[in-house]
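On a predicted model such as this, the values are computed, not experimentally measured, just so you know. Proteins come first, then strands; the chains are lettered A, B, ... in the order of their sequence lines, and each starts at number 1.
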There are 2 protein chains.
Amino acid sequence: MSAAETEVGPDSGPGLRERKKQRTRDALVRAALTLFTSNGYEHTTVDEIAEAVEVSQRTFFRYFAGKEDAAFAVHRIAEAHFIQAVRGRPPHEAPLEALRQAVLEGWHTIHEAVESVVPAELQMRMYHLIESTPTLLAAHMRRSAETEEAVARLIAEREGVDVDRDLRPRVVVALFSGLMRLAERRWGAGSDMSVAAMHELTSTYLDAMGPALAGSWRTERP
Amino acid sequence: MSAAETEVGPDSGPGLRERKKQRTRDALVRAALTLFTSNGYEHTTVDEIAEAVEVSQRTFFRYFAGKEDAAFAVHRIAEAHFIQAVRGRPPHEAPLEALRQAVLEGWHTIHEAVESVVPAELQMRMYHLIESTPTLLAAHMRRSAETEEAVARLIAEREGVDVDRDLRPRVVVALFSGLMRLAERRWGAGSDMSVAAMHELTSTYLDAMGPALAGSWRTERP
DNA sequence: GAGGCTAGTGACAGCCACTGACAATTGACA
DNA sequence: TGTCAATTGTCAGTGGCTGTCACTAGCCTC
């Protein structure tokens with residue numbers, strides 16, 4: 001066993017079986033996203049997706065928990081990358097700053113990782129679709145909530161506090177995530193879906209936090 | 001027509017038909033919540049709900065868009081009351097303060113309105129169920145997002161700014177809502193589900209905003 | 001390198017949420 | 001009381017999703 005591992009080289013990694021599975025899975029994701037974005041989520045049946053890849057409907061459900069699950073295959077990648085980006089921030093940074101930098105700097109990595117599975121343009125259209133499809137939007141927000149919880153724990157660990165006793169980790173993550181969601185929504189609504197555009201929106205919204213919390217919006221500084 | 005209205009008195013308001021409809025609807029909500037909370041959301045079929053009220057399944061779907069819709073019948077009431085509470089805040093209050101007071105003061109009204117349809121204890125158990133049922137949690141968060149948008153528009157109007165040009169309305173509402181969601185989660189998790197408990201949690205989380213945004217959590221003031 | 005093992009798959013049957021169409025019923029109102 | 005319209009039940013059908021069972025094809029052992 002150990003002999004084979006060291007001898008055959010790096011490409012022996014996954015066996016034939018494993019590679020075939022990966023190919024089927026990727027094909028299903030691509031077919032699903034393509035059909036979703038061109039015919040709409042609700043009007044795409046699982047049968048159609050399965051047929052496009054020439055597998056049985058049953059097989060589709062062996063790869064994905066449901067239609068919805070397939071729709072977020074790419075988002076899962078992005079989330080994992082974001083978590084990694086947060087984990088990689090230097091410990092001296094303030095929590096909010098660490099989150100901010102994680103998004104800003106992590107974006108390029110995320111973009112690349114995603115593009116290796118589906119073309120960027122397809123993913124962009126998925127963003128629009130998610131925003132405009134109630135079912136998908138709901139799922140998206142629940143997923144985000146889960147990521148939030150994970151990030152809160154990360155921040156708590158980083159700062160050496162107990163996430164269940166100290167309110168600050170969850171609070172700062174909740175505030176940050178709320179703003180990111182606004183930025184995301186605006187980003188998806190506009191036509192410029194570049195990484196640069198997301199950078200700018202992120203900064204803009206984060207910078208709007210102070211003014212929004214100000215006592216009164218109507219009084220000018222005397 | 002006008003004669004009948006003035007003569008028969010206040011109880012003539014809704015006709016027999018209308019009252020019967022209301023009774024059916026309320027019965028469906030109660031049956032649904034009861035079954036949901038005792039057997040679980042996923043394990044409750046629409047047929048069971050309909051049967052409990054002795055109507056056909058088709059009728060259930062004429063009252064509710066879906067199973068999910070029935071689960072949030074009570075939440076709808078609460079949301080409407082909250083919006084009204086915000087609308088009723090004096091215009092001189094700062095936006096964040098207006099939101100805070102709307103929740104704190106609106107809570108009693110909400111509680112009463114809800115209790116007129118289903119017993120409070122049942123509603124409490126629904127809270128737990130929503131938090132622990134992925135499908136319901138997703139729906140809940142999407143609904144909250146819709147309410148947020150409505151409140152943001154309200155705040156913008158109140159402050160006389162354009163909700164699409166000025167970031168502050170949506171930002172302040174997003175921040176506030178994020179905290180309310182944390183409070184709500186904690187409230188549902190604890191055993192004290194009184195209005196007073198919610199008051200305290202709301203205040204606690206809102207007061208944690210400043211400290212959470214502080215530059216560093218580790219350095220003490222010198 | 002033959003045969004057993006097991007993961008992956010397809011085919012089929014069935015549950016349940018949800019919808020459309022049409023007929024029967026019942027409150028409203030002249 | 002008879003007509004109209006709203007409400008409801010019945011029936012049939014679609015589509016997401018799951019359980020089951022038999023079969024095929026990589027993989028492993030002897």
So, does B:K21 get its side chain near the phosphate of D:dA6, meaning an N or O under 4.0 Å from OP1 or OP2?
no

Begin with the C-alpha distance, continue with both residues' side-chain angles, and end with the deciding distance and a verdict on side chain to side chain contact (heavy atoms under 4.5 Å, CB included) for B:F176 and B:L206.
CA-CA 8 Å; B:F176 176 79; B:L206 284 167; 3.9 Å; yes

Please confirm whether the shortest side-chain N or O distance from A:Y63 to OP1 or OP2 of C:dG8 is below 4.0 Å.
no

Any residue of residues 136-145 of chain A with a heavy atom less than 4.0 Å from an atom of DNA chain D
none

Atom pairs, protein N/O to nucleotides 25-27 of chain D N/O, distance under 3.5 Å:
| from | atom 1 | to | atom 2 | distance (Å) |
| --- | --- | --- | --- | --- |
| D:dG26 | N3 | A:R17 | NH2 | 3.3 |
| D:dC27 | OP1 | A:L16 | N | 3.0 |
| D:dC27 | OP1 | A:R17 | N | 3.1 |

Measuring centre to centre across the rings, with the benzene-like ring taken for any Trp, is A:Y127 within less than 6.0 Å of A:H140?
no

Each nucleotide of nucleotides 10-21 of chain D classed B (base within 4.0 Å of a protein heavy atom), S (only sugar-phosphate) or -, in 5' to 3' order, makes B-----SBBBB-

Measure from CD on B:Q22 to P on C:dG27 and round the result to the nearest Å.
17 Å

Backbone of B:G15 reached by a side-chain donor or acceptor of B:K20 within 3.5 Å:
no

To the nearest Å, give me how far apart CG (B:L28) and P (D:dT7) are.
14 Å

With a 3.5 Å cut-off and no angle check, do the side chains of B:Q84 and B:R87 form a donor-acceptor pair?
yes

What is the ring orientation for A:F72 with A:H75, classed by angle as parallel under 30°, tilted 30 to 60°, or perpendicular over 60°?
perpendicular

Working note: A:L28 + A:V55, criterion side chain to side chain contact (heavy atoms under 4.5 Å, CB included); need CA distance, chi angles, decisive distance, verdict.
CA-CA 9 Å; A:L28 280 171; A:V55 296; 4.2 Å; yes

Does any N or O in the side chain of B:Y41 come within less than 3.5 Å of the main-chain N or O of B:E68, such that one atom is a donor and the other an acceptor?
yes

Tell me if a side-chain donor or acceptor on A:T45 pairs with a main-chain N or O of A:E48 at a distance below 3.5 Å.
yes

Quick one: does B:R168's side chain have a donor or acceptor within less than 3.5 Å of a partner on A:A208's backbone?
no

State whether a side-chain donor-acceptor pair under 3.5 Å links B:T147 with B:S144.
no

